[in-house]
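Working notes for the structure below.
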Amino acid sequence: MEVIKYNSSLKYEWDKFIAQAKNQHFMFYRDYMEYHSDRFQDHSLLVYKDGALIACFPANVNENVLYSHQGLTFGGFITNEKMTTSLMLEVFSSVIDYAKKNNIKEIVYKCIPYIYHSIPAEEDRYALFINDVQLWRRDVTTTIYLDNKIEYQERRTRSIKKAQKNGVTVSESNEFERYWEILTENLYSKYKTKPVHSVQEIQHLHSLFPNNIKLYIASQGSDIIAGVVVYLNPSIVHCQYIASNDDGKSLGALDIIFDFLINHFQNSKKYFDFGISNEQDGRYLNSGLIEFKEGFGARAVCQDFYRLEIK
């Protein structure tokens, strides 16, 4: 078995493997990963056995720590249907040996939630257990099984009707700049932060992946009052950058957007994921935020983070 650090000459091989993986995501394609190459020192790995590529590991390195790429929501080993549990144990052993030889003191590993798997792909979780790896963070996202939905809470239903009564409409849009003004103001007023992606970055990523990254807005007349950016994978709709202005909040604009999206994707996707509702490495749960999401019938899916000390 051989572990090789990624370089640009391997782009085609990397992307081809991602496209056929059983836990693929468009974020793992090199064009997506490299939009923020100035912020992270890429140290992605490719693992070969008998000359055949069997796993990719999107990663960056910082101060002798190898991270599941910090610019991505999750990562871990990307594998195809040929990956078995025994083989994954070999992969872990080889990458640990690689870390020792390259002065890497620790590996921080972010598991891919099972809702992103086209077929079972949790061989890495067993390998983490066998290697006595420490669970140090757990995020909770909220997800709807679109073929087995729970009814909305009455509060959500009332809010949707209120938005409809006040002429709020939902549509797909490319007006990222107008929406980013609402989003930026919302994040700063609530958390004194700004969006991870600048408007120029999200527009660039949208141009690279127009079928995967979409903006949906709620409008009253010509005014944008709320919006949601969705990331689309083969079986899942993932929501992020959720925001509304004061008018949107009073009119239930986010409720009508989510109702539209849930129904719009019901027959083409398996899961509808609202994203996480916790902070401080998973230790703080934003109860108001998760209650809002659970009001649409979403329930918990955990995303785990591990630390592996290299001895």
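Note that this is a predicted model, so its numbers are computed, not measured.
- The cluster map of Ile, Leu, Val, Met, Phe, Trp and Tyr, joined by side-chain heavy atoms under 4.5 Å apart, puts Leu87 and Ile130 in different clusters.
- Under the 4.5 Å side-chain criterion, counting only non-hydrogen atoms from C-beta, Phe92 is in contact with Leu128.
- One distance of note links OG of Ser219 with CD1 of Ile256; it measures 10.5 Å at 0.5 Å rounding.
- Side chains of Val91 and Thr79 form no contact here, defined as non-hydrogen atoms less than 4.5 Å apart.
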Inset, instruction - Evaluate side chain to side chain contact (heavy atoms under 4.5 Å, CB included) for Cys302 paired with Asp304, printing each intermediate quantity in order. - result: CA-CA 6 Å; Cys302 289; Asp304 291 345; 4.2 Å; yes

Inset, instruction - Could you walk me through whether His238 and Tyr116 pass side chain to side chain contact (heavy atoms under 4.5 Å, CB included), step by step? - result: CA-CA 10 Å; His238 174 75; Tyr116 289 89; 3.6 Å; yes

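- Atom CG of Asp273 is separated from atom CD of Gln303 by 9.5 Å, given to the nearest 0.5 angstrom.
- Of the possible polar contacts, one joining the Lys293 side chain to the Ile276 backbone as a donor-acceptor pair under 3.5 Å is found.
- With respect to Asp42 and Lys5, no salt bridge is recorded, no charged nitrogen being found less than 4.0 Å from a carboxylate O.
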Inset, instruction - Before giving the answer on side chain to side chain contact (heavy atoms under 4.5 Å, CB included), spell out for Glu181 and Glu177 the whole-Å C-alpha distance, their side-chain angles and the decisive distance to 0.1 Å. - result: CA-CA 7 Å; Glu181 293 177 6; Glu177 288 188 10; 5.7 Å; no

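- Note that the CG atom of Leu183 and the OG atom of Ser244 stand 10.5 Å from one another [nearest 0.5 Å].
- We find that Lys162 and Asp255 are not joined by a salt bridge, their nearest charged nitrogen and carboxylate oxygen being 4.0 Å or further apart.
- Counting heavy atoms of neighbouring residues, nucleotides and ligands inside a 6.0 Å radius, atom CZ of Arg283 does not exceed 12 of them.
- Taking a 6.0 Å sphere around NZ of Lys249, one finds it holds more than 12 heavy atoms contributed by other residues, nucleotides or ligands.
- Within 6.0 Å of NZ on Lys161 lie no more than 12 heavy atoms contributed by other residues, nucleotides or ligands.
- Put simply, the side chain of Asp259 reaches to within 4.5 Å of the side chain of Asn263, judged on heavy atoms.
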Inset, instruction - List the steps, then state whether ring pair (Phe, Tyr, Trp, His ring centres under 6.0 Å) holds for Phe296 with Phe272. - result: CA-CA 10 Å; Phe296 291 93; Phe272 187 93; 8.3 Å; no

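- Between Ile112 and His25, the closest side-chain pair of non-hydrogen atoms is not below 4.5 Å.
- Using bins of under 30°, 30° to 60° and over 60° for the plane-to-plane angle, the ring pair Phe74/Phe28 lands in the perpendicular bin.
- By the 4.0 Å N-to-carboxylate-O rule, Lys190 lies too far from Glu279 to be salt-bridged with it.
- For the atom pair CZ (Arg125) and CE (Met88), the distance works out to 12.0 Å, reported to the nearest 0.5 Å.
- Proximity of His117 to Glu122: side-chain heavy atoms (C-beta onward) are separated by under 4.5 Å at one or more points.
- Between Leu261 and Val230, some side-chain heavy-atom pair lies under the 4.5 Å cut-off.
- Side-chain contact check for Pro234 versus Gln24: some heavy-atom pair is nearer than 4.5 Å.
- Ring planes of His36 and Phe40: perpendicular class, angle over 60° (limits at 30 and 60°).
- A salt bridge links Lys22 with Glu123; the closest basic N to acidic carboxylate O contact falls under 4.0 Å.
- Judged by distance alone, the side chains of Asn60 and Gln70 do bring a donor and an acceptor atom under 3.5 Å apart.
- Ser44 and Arg30 are linked by a side-chain donor-acceptor pair at a separation below 3.5 angstrom, with hydrogens and angles left out of the test.
- Judged by distance alone, the side chain of Tyr179 and the main-chain N or O of Tyr216 form no donor-acceptor pair under 3.5 Å.
- Side chain of Trp180 to main chain of His197: a donor-acceptor pair is present (N/O by atom type, distance under 3.5 Å, no hydrogens or angles).
- Atom CD of Glu172 has more than 12 heavy atoms from other residues, nucleotides or ligands within 6.0 Å.
- A donor-acceptor contact shorter than 3.5 Å links the side chain of Tyr109 to the backbone of Phe77.
- When atom types are taken as modelled, the side chain of Ser94 and the backbone of Glu90 share a donor-acceptor pair closer than 3.5 angstrom.
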Inset, instruction - Show your reasoning for whether salt bridge (charged side-chain N to carboxylate O under 4.0 Å, His left out) applies to Lys11 and Glu34. - result: CA-CA 11 Å; Lys11 181 178 187 294; Glu34 289 167 8; over 6 Å; no

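- Under a hydrophobic-cluster definition in which Ile, Leu, Val, Met, Phe, Trp and Tyr are linked whenever side-chain heavy atoms come within less than 4.5 Å, directly or via other members, Leu72 and Leu45 are assigned to different clusters.
- Tracing side-chain contacts under 4.5 Å through hydrophobic residues (I, L, V, M, F, W, Y), one reaches Ile96 starting from Ile54; they form part of the same cluster.
- For the atom pair CD1 (Ile182) and CG (Asn245), the distance works out to 4.5 Å, reported to the nearest 0.5 Å.
- More than 12 heavy atoms of other residues, nucleotides or ligands lie within 6.0 Å of NZ in Lys110, so this atom counts as buried by the packing criterion.
- Looking at Lys269, its side chain does come within 3.5 Å of a backbone N or O of Asn233 through a donor-acceptor pair.
- Side-chain atoms of Tyr241 never come within 3.5 Å of backbone atoms of Val229 as a donor-acceptor pair (strictly under, hydrogens ignored).
- The environment of Arg299 atom CZ is dense: over 12 non-hydrogen atoms of other residues, nucleotides or ligands sit within 6.0 angstrom.
- Between Phe209 and Tyr32, the ring planes are tilted. Angles from 30° to 60° get that label.
- Closest heavy-atom contact between Phe176 and Gln203: CB-CG, 3.9 Å.
- Side-chain atoms of Asn278 come within 3.5 Å of backbone atoms of Val140 as a donor-acceptor pair (strictly under, hydrogens ignored).
- Sparse packing is recorded around CG of Asp50, with 12 or fewer heavy atoms of other residues, nucleotides or ligands lying under 6.0 Å away.
- In this structure a side-chain-to-backbone donor-acceptor pair under 3.5 Å is present from Asn80 to Lys82.
- No more than 12 heavy-atom neighbours from other residues, nucleotides or ligands sit within 6.0 angstrom of CD on Glu185.
- The minimum heavy-atom distance linking His206 with Ile213 is given by the pair ND1-O, 2.8 Å.
- In this structure, CG in Leu46 is found 8.5 Å from CG in Asn7, a value given to the nearest 0.5 Å.
- A donor-acceptor pair is defined here as one N or O able to donate and one able to accept, closer than 3.5 Å; no such pair exists between the side chain of Asn62 and the backbone of Gln41.
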Inset, instruction - Dump the intermediate steps for ring pair (Phe, Tyr, Trp, His ring centres under 6.0 Å) on Phe258 and Phe274, then the final yes or no. - result: CA-CA 9 Å; Phe258 285 128; Phe274 283 90; 4.8 Å; yes

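- Contact detail for Ile78 and Pro58: the closest heavy-atom pair is CG1-CD, 3.8 Å.
- Residue Tyr271 is not grouped with residue Leu232 when hydrophobic side chains (ILVMFWY) are merged at heavy-atom distances under 4.5 angstrom, including chains of intermediate members.
- In the hydrophobic clustering of ILVMFWY residues, with side-chain heavy atoms under 4.5 Å counting as a link, Phe57 and Val47 come out together.
- For the pair Lys100 and Tyr98, the cation-pi test (distance below 6.0 Å, angle within 45°) is failed.
- Val196 has its side chain out of reach of Gln240: every pair of non-hydrogen atoms, C-beta onward, lies at least 4.5 Å apart.
- Each of Arg307, Arg137, Arg138 was scored for a salt bridge (Lys or Arg N to Asp or Glu O under 4.0 Å) with Asp281, with one residue passing: Arg137.
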